[in-house]
Number of protein chains: 2
Amino acid sequence: MQFSKSTDYALHALIHLGLSERSHPVGIKELSGSLGVSESYLSKIMSKLRQDGIVRAVPGVNGGYELARPAEQISFLDVIQVIEGRQQLFECSNSSSQQHRLLVEQGSAPDKQRSLERKECLVEKVMLGAEQQMHQYMREHTIQSVLDEAVKRRNHEANKK
Amino acid sequence: MQFSKSTDYALHALIHLGLSERSHPVGIKELSGSLGVSESYLSKIMSKLRQDGIVRAVPGVNGGYELARPAEQISFLDVIQVIEGRQQLFECSNSSSQQHRLLVEQGSAPDKQRSLERKECLVEKVMLGAEQQMHQYMREHTIQSVLDEAVKRRNHEANKK
DNA sequence: AGTATTATAGACACCATAGATCCATAATAG
DNA sequence: CTATTATGGATCTATGGTGTCTATAATACT
Ligand code: SF4
Ligand code: SF4
């Protein structure tokens, strides 16, 4: 299991937009050149980012892309979810197996009130919990926070001289 | 990005082994029947688990599989890493791009002492940090902990009656 | 108004990997 | 020695990620 290359590209494209604060938007040509990826492919990714309201796009001469909201409001989680989708990492496929009944329904007599705990699967609970941990961390880190840290590092480098 | 079905099967197989504490090991026939998956496919997965020391396998009559160590020493992380591999979720592909130089080398004059911070990429740092969060959670949850919780729930159900 | 520029969407090809099956072989209990 | 069970390799198919190409729409500039 790995994150797709598209996620890689999307993150870097957004970082590029983030540190390029200009009057006019950044064209796909400049972006693809900077990242070293074809225009065709990158434009697909940018299009997805636009559909999800991460960036704005303006066609025509001097057109291109710009962040749709401040970089500190674009979290890593936002980006990952646009590209990788929002399904959860672990989705059980055999919920009709014998195993399942043992774990979830516990072999006891079925009663009506059971319905509200039907979804309480112990395996999924662990896997979902783990995913939530990752999500929380990604939610706390934004495009801006990476930019800030880059600046901080640069200053630190300068002081050493 | 999703966990593979094999991970699903592996977890359930181990749980089955965990709650079947008997004298003789559990055959692939019983396992595959319980999970609702073909013997051929499941045996591949079990084989992998054996190679990584999660289970023991004995061939021959009345043979089968059993846990190689106590269930409380088999974490979810162990299982996931056997099946999904140990590469990190995010691996940068374009570390020779223009982007990269901006973020990591920061445009300042290159000096000799740079080598030790060469790997300090800010993007990877975030992605790796997120993954570590997930790993930590998975490390704290074992096959046994799921079994325990199942028992706890069963008792709770019984008390209600 | 007309033209050049730029993003958009769809169709399409390619390839790696997951998912799954089959068989020949080795090891073990009886 | 035989029945049983796990093992490893070969092989097939389906799916999804990766990537290209083209026709279309929208915008700026002259
Ligand atoms: S116990 Fe949970 S993970 Fe296992 S089959 Fe049931 S729902 Fe799926
Ligand atoms: S900055 Fe980090 S993620 Fe980006 S290209 Fe360099 S090493 Fe890769």
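Just so we're on the same page: letters track the sequence lines, and every chain starts at 1. Note that these values count all heavy atoms, side chains included, but never hydrogens, waters or copies made by symmetry.
- The side chain of A:Lys44 lies closest to C:dG10, out of C:dT8, C:dG10, C:dC22.
- No path of Ile, Leu, Val, Met, Phe, Trp and Tyr side chains, each step under 4.5 Å between heavy atoms, connects A:Leu31 with A:Val61, placing them in separate hydrophobic clusters.
- Side-chain contact between B:Ser6 and B:Tyr41: present, with at least one pair of heavy atoms (C-beta onward) separated by less than 4.5 Å.
- A:Leu122 and A:Leu128 fall into different hydrophobic clusters, defined by Ile, Leu, Val, Met, Phe, Trp and Tyr side-chain heavy atoms under 4.5 Å apart, directly or through other members.
- Between B:Val61 and A:Tyr65, the residue anchored nearer the 5' end of DNA chain C, judged by the nucleotide with its closest heavy atom, is A:Tyr65.
- Between the side chains of A:Asp78 and A:Ser75, a donor-acceptor pair is found at a separation under 3.5 Å.
- The residue A:Val58 sits close only to the backbone: its heavy atoms come under 4.0 Å of sugar-phosphate atoms, none of a base.
- We find that CD of B:Glu91 is positioned 17 Å from C1' of D:dT18, with the value rounded to whole Å.
- Rounded to an integer number of Å, the gap from CD1 of A:Ile45 to C1' of D:dG17 is 11 Å.
- Counting only heavy atoms from C-beta on, A:Ser6 has its side chain closest to D:dT18 among C:dC22, D:dT18, C:dT28.
- Atom CD of A:Glu30 is separated from atom P of C:dT6 by 11 Å (rounded to the nearest Å).
- Atom-to-atom, CG of B:Leu49 to P of D:dA6 comes out at 14 Å; the value is rounded to the nearest Å.
- Rounding to whole angstrom units, NZ of residue A:Lys29 and C1' of C:dT5 are separated by 9 Å.
- Taking atom CE of A:Met46 as the reference point, atom C1' of D:dG19 lies 17 Å away to the nearest angstrom.
- Contact check, A:Arg50 against C:dT6: no side-chain N or O comes under 4.0 Å of OP1 or OP2.
- Look at B:Ser38 and you'll find a side-chain N or O under 4.0 angstrom from OP1 or OP2 of C:dT21.
- The listed nucleotides are D:dT18, D:dA6, C:dC22; the one nearest the side chain of A:Lys5 is D:dT18.
- Checking C:dA18, D:dT20, C:dA20 against the side-chain heavy atoms of B:Tyr9 singles out C:dA20 as nearest.
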Stepwise side-chain hydrogen bond (donor to acceptor under 3.5 Å, both in side chains) check, A:Glu140 with A:Gln136: CA-CA 6 Å; A:Glu140 291 163 355; A:Gln136 185 55 34; 3.1 Å; yes
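- The A:Ser47 side chain lies nearest to C:dT8 when the options are C:dT8, D:dG8, D:dT18.
- Note: CD1 (A:Ile28) to P (C:dA7) measures 6 Å, nearest angstrom.
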Verdict with supporting geometry, B:Phe90 and B:Glu131, side-chain contact (heavy atoms from CB on, under 4.5 Å): CA-CA 9 Å; B:Phe90 180 84; B:Glu131 187 178 354; 5.9 Å; no
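- Checking A:Gly60 against A:Gln51, the closest nucleotide of DNA chain C that is more toward the 5' end is the one next to A:Gly60.
- Note: NE2 (A:His24) to P (C:dA7) measures 12 Å, nearest angstrom.
- If you find the closest nucleotide of DNA chain D to A:Ser43 and to A:Asn62, the one lying nearer the 5' end belongs to A:Ser43.
- Using a 4.0 Å heavy-atom criterion, one finds that A:Ser4 contacts the sugar-phosphate atoms exclusively.
- Set against D:dT20, C:dT8, D:dT7, the side chain of A:Tyr41 has D:dT20 as its closest nucleotide.
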